[in-house]
Amino acid sequence: MSKVDGKAEKPWGGRFSEATDAFVEQFTASVDFDQRLYYHDIQGSIAHATMLAEVGVLSDAEQQQIIEGLEAIREEIQAGEFRWSVTLEDVHMNIEARLTEKIGLTGKKLHTGRSRNDQVATDIRLYLRDEIDLIANELTRLQKGLADLAQREADTIMPGFTHLQTAQPVTFGHHVLAWNEMLQRDYERLLDCRKRVNIMPLGAAALAGTTYPIDREMTARLLGFDRPSVNSLDSVSDRDFAIEFCAFASLLMTHLSRYSEELILWASAQFDFIDLPDRFCTGSSIMPQKKNPDVPELVRGKAGRVTGHLMSLLMLMKAQPLAYNKDNQEDKEPLFDVIDTVKACLRAYADMVPAIEVKADNMRDAALKGFSTATDLADYLVVKGLAFRDAHEVVGKAVGYGVKESKDLSEMTLAELQNFSKVISEDVFDVLTLEGSVNARDHLGGTAPAQVKAASERVQALLAER
Ligand code: ARG
């Protein structure tokens, strides 16, 4: 390290004739936030040193010294004893400087054949890969909760909505499995994204590769990467793997925000379809009666934050010339916050979903309002010989009468119904009941309880294989 004017030492200080401005030092440093990469930085360095020894750039003794030093530094960091220095800019230079402090000259050899540019790209990928695996597990836990809830509530009837107006009766289990389908696609997107995360940039060095006889296949193998990247310029500058992860996360959060919205509505006195466990709610400091659905509300709110970070990263990459630019240091805070937010939201939901109390009677009563079996009556008339448009017209009139008389179709007498069409007979009541309506939709993807039970069993079997 070169000392400039008796000021702080910089690993790159050789060509400089004055010390870094104190504010600029703070402004350009990333150590406050990138220290969370320490574990993966050390993991990458150990693999790099192992490979360098294998190809003869380091001696075996040097390799051993470096690895022991790095392992000791990892322990210092884990014990909270490591002193992070802003002067040393980032996690990479902090660890390297400490290594040299600990093991002397040999520490200075670790950086042979690499640059912080390929190092940081490698660290982020290693870190994100581990986080992806944790997120995949939480997603699976939530999906299992949904599949079990669907199984339990396969017969529970509620109003299905379009335009948030009562449309047709559905089963609550069916509704819950709709949520699961969204999550299933999110899970598949996450695994697909992981394939592009799990590629190793190390060896690209600053941008053009290195003159040392490195073995990139070996380093990739040591780090569990699927393969080394194939273009050095792209390797150090690409962050689209992180953007793709944030796109996955934004869609996931968009889905969670939709469930949140429904849970919030359903927990209101106006719907009263569910009760959220007290431990997931908070009260009001002024209104003693309040029990607020804070968890779903916060998740709904955090969806905006995650999508905001996706936009940040897209704008960060936009128009960057090849290869590495310091702009890319700005990738970390949004990415880290997306990871933290998604993990917290999934955890809250996976814990909360199995504990939702379903008020089946209230759901049923609501389904009885709003003429939810009107389509069933129209379908019945078609079976009796009417064209669908004519049947639609007949039922429309019957509904108009029902609105005036405050009577659901199922509450009208046969004589009343026959005023609208002579083809109606006693068997009409089989289709006008809620059970008749849902049971009749007995095909793949339909809401019939039998279908919902089969569907949730399929989901449970799929999840058990993960
Ligand atoms: N802290 C930097 C980052 O996060 C590491 C790479 C810096 N490379 C450089 N040539 N200044 O991107």
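Order of listing sets the numbers, starting from 1, for every ligand and every atom in it. Note that the numbering runs from 1 along the sequence shown for the chain.
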Filtering Glu89, Gln329, Glu330 for the heavy atom nearest atom 2 (C) of ligand 1 leaves Gln329
Near Asp90 (heavy-atom distance under 4.0 Å), the atoms of ligand 1 are 1 (N), 2 (C), 5 (C)
Numbered in order shown, the ligand 1 atoms found under 4.0 Å of a heavy atom of Lys332 are 3 (C), 4 (O), 12 (O)
Are the aromatic rings of Phe336 and Tyr127 close, with centres under 6.0 Å apart?
yes
Looking only at protein heavy atoms, what sits closest to atom 12 (O) of ligand 1 is Tyr324 OH, 2.5 Å
Per-atom filter on ligand 1: closer than 4.0 angstrom to a heavy atom of Ser30 are 1 (N)
In short, salt bridge (charged side-chain N to carboxylate O under 4.0 Å, His left out) pairs touching residues 232-246 with sequence neighbours left out are Arg125-Asp238, Arg196-Glu244, Arg239-Asp331
What I want to check is whether the side chains of Gln78 and Tyr38 have a donor and an acceptor closer together than 3.5 Å.
yes
Check: Asn117 N/O within less than 3.5 Å of ligand 1 N/O:
yes
Please check if any side-chain donor atom of Gln320 sits under 3.5 Å from a side-chain acceptor atom of Asn328, or the reverse.
-> yes
Worksheet item: Does even one non-hydrogen atom of Gln119 get within less than 4.0 Å of ligand 1?
Response: no
request  = For the residue pair Glu297 and Ser260, confirm or rule out a side-chain donor-acceptor distance under 3.5 Å.
outcome  = no
Ligand 1 and His92, any nitrogen or oxygen pair closer than 3.5 angstrom?
no
Ranked by distance from atom 11 (N) of ligand 1, the top protein heavy atom is Arg116 NH2, 3.6 Å
Donor-acceptor pairs are to be reported for all side-chain atoms of residues 304-312 against protein atoms at under 3.5 Å, with residues two or more places apart or in another chain.
residue, atom, partner, partner atom, Å
Arg305, NE, Asp337, OD2, 2.7
Arg305, NH2, Asp337, OD1, 2.7
Arg305, NH2, Asp337, OD2, 3.2
Thr307, OG1, Ala303, O, 3.2
His309, NE2, Asp337, OD2, 2.7
Ser312, OG, Gly308, O, 3.2

Between Glu261 and Arg258, does any NZ, NE, NH1 or NH2 come within less than 4.0 Å of an OD or OE carboxylate oxygen?
no
